[in-house]
Number of protein chains: 2
Amino acid sequence: MNINEVSKKFGLPKDTLRYWEKEGLIPAIKRDQNGYRVYSEYDQNWIFYILVLRKAGMPVKKLKQFVALYLHEPQTRKKRRELLEMQRDELIKQTHDIQKTINYLTYKIDHFDDQLLTFENEKLAYEKKVD
Amino acid sequence: MNINEVSKKFGLPKDTLRYWEKEGLIPAIKRDQNGYRVYSEYDQNWIFYILVLRKAGMPVKKLKQFVALYLHEPQTRKKRRELLEMQRDELIKQTHDIQKTINYLTYKIDHFDDQLLTFENEKLAYEKKVD
DNA sequence: CCTTGCTATGGAGTTAACTCTAACGTTTAT
DNA sequence: ATAAACGTTAGAGTTAACTCCATAGCAAGG
């Protein structure tokens, strides 16, 4: 697959694909005799992985670190799986943070007609433990 | 309260408080005889509201629109509450998106030792319905 | 009274993550 | 065989959201 096909497959601008490669988010893509990029299945899986994490708000810098660790930590499969688990944990933490804001808004909505909306109460609604 | 006290109370740089005010995320703050900002309880509640939504990833532009609508839509309390509900809905959608990525990572982790990690399977894990 | 420290402003600088442009080679369609 | 369409690169430009800087007014301590 060439860059145009991959671009269409994932709905990603070609410039972004080249940018991600330059930044080391995806491996260096093989070239044909003209220097044109040829994306393998493996490359495409990797792009999907990066795309999904980027859509979830994971910054490029952090992904770069993960990828570098993943590639330069070839010791054990265990280590690599742990990296995925770390990434998942970060996302779980992120949903908890957003959940706190949802709780806060729910409090504001439920008490919208009350006159006694104090900062203290709103803060408590925000800090309310996420189950 | 002056800008320094508010800055400390919320752990926000003074420049950010001035920036948010300039952008219309918070109302124009009253000034004392020297032109120094004096933050009321109301102002501080507003700042907390903006802070919480910003931490949840809501962009400044979107918040600006919400605030403008909120202030220029003085007709009914109902309309205003609906704006809060819209904001909450956006956040809920956002957590669902992140949940999809968590599902995808969970799939990758659970099948880490399998050799047949195809793009199709990973994509299905990602698209899996969130309950 | 003078220095240190707080406030203000307008505007410049920074970082992240693209996105676009220019200059050039290749391939395809007419 | 030549124009249109696509690929390459290096590097400039853009947008968001701050963050910093220079300049200047007011103010409290020694």
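Naming: A, B, ... by sequence-line order, numbering from 1 per chain.
- Taking atom NZ of residue B/K30 and atom C1' of nucleotide C/dT7, one finds them 19 Å apart after rounding to whole Å.
- Across the protein-nucleic acid pair, B/E5 atom CD and C/dC6 atom P stand 12 Å apart, rounded to whole Å.
- At whole-Å resolution of the value, NZ in B/K8 and C1' in C/dC6 are 11 Å apart.
- Atom pair A/N34:CG and D/dC6:C1' shows a separation of 11 Å (rounding to whole Å applied).
- For A/T16 and C/dT19, the shortest distance from a side-chain N or O to OP1 or OP2 is below 4.0 Å.
- A/D15 comes within 4.0 angstrom of a base, heavy atoms only.
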Sub-3.5 Å pairs of nitrogen or oxygen atoms, protein against nucleotides 23-25 of chain C:
{"unit_1": "C/dG25", "atom_1": "N2", "unit_2": "A/Y36", "atom_2": "OH", "d": "2.7"}

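- Following rounding to the nearest Å, B/Q65 (CD) and D/dA16 (P) show an atom-to-atom distance of 11 Å.
- Taking atom NZ of A/K61 as the reference point, atom P of C/dT14 lies 15 Å away to the nearest angstrom.
- Each of B/R54 and B/Q33 was assigned the nucleotide of DNA chain D with the nearest heavy atom; the assignment lying further toward the 5' end belongs to B/R54.
- Rounding to whole angstrom units, OH of residue A/Y19 and P of D/dT9 are separated by 16 Å.
- When each of D/dT19, D/dA16, D/dT8 is scored by its nearest atom to the side-chain atoms of A/R18, the top-ranked nucleotide is D/dT8.
- A sub-4.0 Å separation between OP1 or OP2 of D/dT9 and a side-chain N or O of A/R37 is present.
- Listed nucleotides C/dT19, D/dG7, C/dC18 differ in distance to A/W20; the shortest reach to its side chain belongs to C/dC18.
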